[in-house]
Number of protein chains: 2
Amino acid sequence: MELRQLRYFLKAKELLNFTEAANSLNISQSTLSQQIKQLEDELQIPLFNRIGKRITLTEAGELFSVYALQSTSKANEGLQLLKDLNNLNTGKIAIGVTYALRDIVTQTLVKFNDQYPKIEFEIVFGTSKELIEKLNHFELDIILTFEEILTENHFKYQTLFTSPMTLVTSTNSDLKSRKSISLKEISKLSLALPAKGYSTTQFINDAFNKNNLHPKVAIEINDIPTLLELVKSGKWYTILTQTTIKNEKEIVCIPIEGKNMTRTAMLISIKEVYEKKAVKVFLDILKSLV
Amino acid sequence: MELRQLRYFLKAKELLNFTEAANSLNISQSTLSQQIKQLEDELQIPLFNRIGKRITLTEAGELFSVYALQSTSKANEGLQLLKDLNNLNTGKIAIGVTYALRDIVTQTLVKFNDQYPKIEFEIVFGTSKELIEKLNHFELDIILTFEEILTENHFKYQTLFTSPMTLVTSTNSDLKSRKSISLKEISKLSLALPAKGYSTTQFINDAFNKNNLHPKVAIEINDIPTLLELVKSGKWYTILTQTTIKNEKEIVCIPIEGKNMTRTAMLISIKEVYEKKAVKVFLDILKSLV
DNA sequence: TTTTGTAAATCGGTTTTATCGATTGATGCT
DNA sequence: AGCATCAATCGATAAAACCGATTTACAAAA
């Protein structure tokens with residue numbers, strides 16, 4: 001039994017005339033007769049009565065037609081669903097983001113939703129390590145984070161933009177008017193830094209080590225909004241990429257002197273996994289906003 | 001899109017391994033790969049991610065699998081239904097009967113239902129004319145009646161048995177002990193006869209005409225049980241085939257003298273229409289009871 | 001790192017099957 | 001009776017499914 005035969009059968013049932021049905025199906029009457037016969041042979045029961053040159057449905061044909069219709073309908077619905085998926089009328093995107101890139105994602109989200117309101121989202125904030133773990137388990141379609149030291153070659157990497165590392169400080173601080181600051185100076189300040197898992201922290205520690213400097217880390221914390229609150233108090237300083245604190249008030253950021261004191265925002269996805277069209281469109285919007 | 005491809009896809013989805021799926025389907029791995037690819041081409045979207053030598057379902061594959069399953073399931077259910085039909089686990093029989101043959105039908109019905117309780121029935125009592133009309137409109141599968149004068153050659157006729165025409169009278173009647181009676185004698189009696197449409201009435205009138213006799217018809221009535229009530233009163237006589245009054249009390253029947261004073265019970269169906277298995281079995285039981 | 005084994009894709013050839021056009025036979029209509 | 005029509009059938013052809021062998025890409029083991 002094949003869908004083709006069911007389609008032929010249903011058209012023949014509709015018109016109760018093999019010749020017209022065959023024309024309507026763009027096949028020859030000969031073919032239709034044969035395919036109906038073949039179906040009847042497989043079902044071991046006639047679907048049509050052949051009364052002279054007239055045909056009518058048998059009881060079996062009547063009963064079977066209900067299922068034939070449902071079978072073909074479900075196949076068509078499946079096809080339609082995939083078309084919808086392609087037209088972004090359905091589907092879900094799962095995106096992982098490091099907190100530093102929050103702003104760019106929310107902007108994109110708003111713009112995307114205006115155009116394609118039916119697409120659902122799952123946004124996961126977390127450390128690079130956590131996000132990459134989830135990406136590897138296919139729980140995320142794509143992640144936005146900063147460049148990693150170690151790259152895996154089943155990942156696909158796309159750079160978005162670079163952003164300077166900056167010392168973040170309260171507007172009340174003495175340093176607020178400085179245009180730049182050295183690592184050495186920073187090493188004398190009392191710092192509140194993001195927790196270990198954050199790639200920024202890793203990056204900062206590497207930078208201090210290379211210069212044989214030891215930062216005074218007073219606080220480690222795994223929540224960036226809280227971290228910024230602490231900085232606004234004026235008691236501590238922190239180090240973040242500039243983009244992280246876009247749109248934040250009561251704080252200023254001072255670029256750090258030295259080579260490679262920038263970070264590159266990246267998109268990471270799994271190479272071989274089929275990229276959803278919705279994801280592609282989302283990324284196009286995101287890139288246009290950068 | 002064909003059911004074959006959907007079946008292949010579902011098995012591949014189940015095992016997430018083309019080689020094993022192909023073995024399970026008794027086709028080569030090569031064929032499975034090709035058919036899946038062909039399906040993906042038609043749907044214009046990949047159903048599987050090929051990650052190295054591993055495969056996983058894409059979003060599209062996940063969504064589509066629901067419909068693929070429903071489509072194949074419905075086709076299978078249709079097949080199962082026809083099997084049930086063949087095993088007499090479902091189906092409906094429509095039978096037309098002239099009242100005279102009521103007894104044989106009810107007996108068959110009881111016996112048939114013991115063996116095949118799931119088959120539904122529609123029993124239609126009526127005149128031969130009415131029944132043949134319905135048969136021609138495919139509203140009945142078969143009719144039980146007496147032989148017709150005019151036969152149509154798209155009908156199939158089967159004889160069941162013959163039954164003598166009898167004068168029916170109350171047990172109080174003077175005639176109750178008679179072994180036979182002539183038409184001439186009957187023509188002197190006050191008769192209550194079935195209405196015009198009944199073949200018996202037609203038959204009786206023909207018989208009287210041939211002998212140049214004129215019956216005294218006091219009452220014409222289109223309900224046989226009422227007719228019999230009238231006869232039981234002793235005021236009127238009627239003429240019926242013997243089988244009609246099987247199991248009736250308070251009345252006796254006296255065979256009518258003369259050649260051709262018998263009627264033949266028949267099964268009539270449409271030649272070219274597929275005979276339901278349930279009907280065949282029903283008739284086998286009926287014939288065994290004759 | 002190299003080797004080995006495994007799984008899917010691909011290629012070329014074969015078999016199967018769907019399809020067609022022409023014809024036949026049966027039937028309904030004029 | 002003759003004509004037109006419709007489904008079935010036949011023989012031939014084109015299309016498609018299928019297979020085995022090979023290739024490619026990977027993963028696991030040495």
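Note: hydrogens, waters and symmetry copies are ignored here, and every other heavy atom, side chains too, is used. Numbers restart at 1 for each chain; the letters A, B, ... are given by sequence-line order, proteins then strands.
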[atom1] of [X] versus [atom2] of [N]: gap in Å, rounded?
{"X": "Tyr8(A)", "N": "dT17(C)", "atom1": "OH", "atom2": "P", "value": "16 Å"}
{"X": "Lys53(A)", "N": "dT27(C)", "atom1": "NZ", "atom2": "P", "value": "10 Å"}
{"X": "Asn23(B)", "N": "dT6(C)", "atom1": "CG", "atom2": "C1'", "value": "13 Å"}
{"X": "Gln5(B)", "N": "dC18(D)", "atom1": "CD", "atom2": "C1'", "value": "13 Å"}
{"X": "Ile51(A)", "N": "dT5(D)", "atom1": "CD1", "atom2": "C1'", "value": "17 Å"}
{"X": "Ile36(B)", "N": "dA9(C)", "atom1": "CD1", "atom2": "C1'", "value": "13 Å"}
{"X": "Lys37(A)", "N": "dC10(D)", "atom1": "NZ", "atom2": "C1'", "value": "13 Å"}
{"X": "Asn26(B)", "N": "dT16(C)", "atom1": "CG", "atom2": "P", "value": "16 Å"}

Is [X] touching bases, backbone alone, or none of the nucleic acid, heavy atoms closer than 4.0 Å?
{"X": "Arg54(B)", "answer": "nothing"}
{"X": "Phe48(B)", "answer": "nothing"}
{"X": "Gln38(A)", "answer": "sugar-phosphate"}

[X] side-chain N/O to [N] phosphate OP1/OP2 under 4.0 Å:
{"X": "Gln35(B)", "N": "dA17(D)", "answer": "yes"}
{"X": "Thr31(A)", "N": "dT19(C)", "answer": "no"}
{"X": "Ser33(B)", "N": "dA9(C)", "answer": "yes"}

Side-chain-base donor-acceptor pair under 3.5 Å for Gln29(B) and dA9(C):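 Indeed, a donor on one side and an acceptor on the other fall under 3.5 Å apart.
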No-H, no-angle donor-acceptor pair, Ser30(B) side chain to dG20(D) base, under 3.5 Å: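 Looking at the base of dG20(D), it does pair with a donor or acceptor on the side chain of Ser30(B) (distance under 3.5 Å).
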Can you figure out which of [options] approaches the side chain of [X] most closely?
{"X": "Arg4(B)", "options": "dT9(D), dC18(D), dC26(D)", "value": "dC18(D)"}
{"X": "Asn17(A)", "options": "dC19(D), dC6(D), dG5(C)", "value": "dC6(D)"}
{"X": "Ile27(B)", "options": "dC19(D), dA7(D), dA8(C)", "value": "dC19(D)"}
{"X": "Arg50(A)", "options": "dT9(D), dA8(D), dG28(C)", "value": "dA8(D)"}

Phe121(B) and Phe112(B) aromatic centres sub-6.0 Å: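 Yes - the distance between ring centres of Phe121(B) and Phe112(B) falls below the 6.0 Å cut-off.
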Spacing of Glu133(B) atom CD and Leu131(B) atom CG [to the nearest 0.5 Å]: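 The CD atom of Glu133(B) sits 10.5 Å away from the CG atom of Leu131(B).
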Residue that, paired with Tyr99(A), satisfies ring pair (Phe, Tyr, Trp, His ring centres under 6.0 Å) out of Phe125(A), Tyr198(A), Phe146(A):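 Result for ring pair (Phe, Tyr, Trp, His ring centres under 6.0 Å) with Tyr99(A): Phe125(A).
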Phe18(A) and Phe48(A) aromatic ring geometry - parallel, tilted or perpendicular at 30°/60° bounds: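 If you compare the ring of Phe48(A) with that of Phe18(A), the planes turn out perpendicular.
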Within 6.0 angstrom of Lys271(B) NZ, more than 12 heavy atoms from elsewhere: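 Above 12, so yes.
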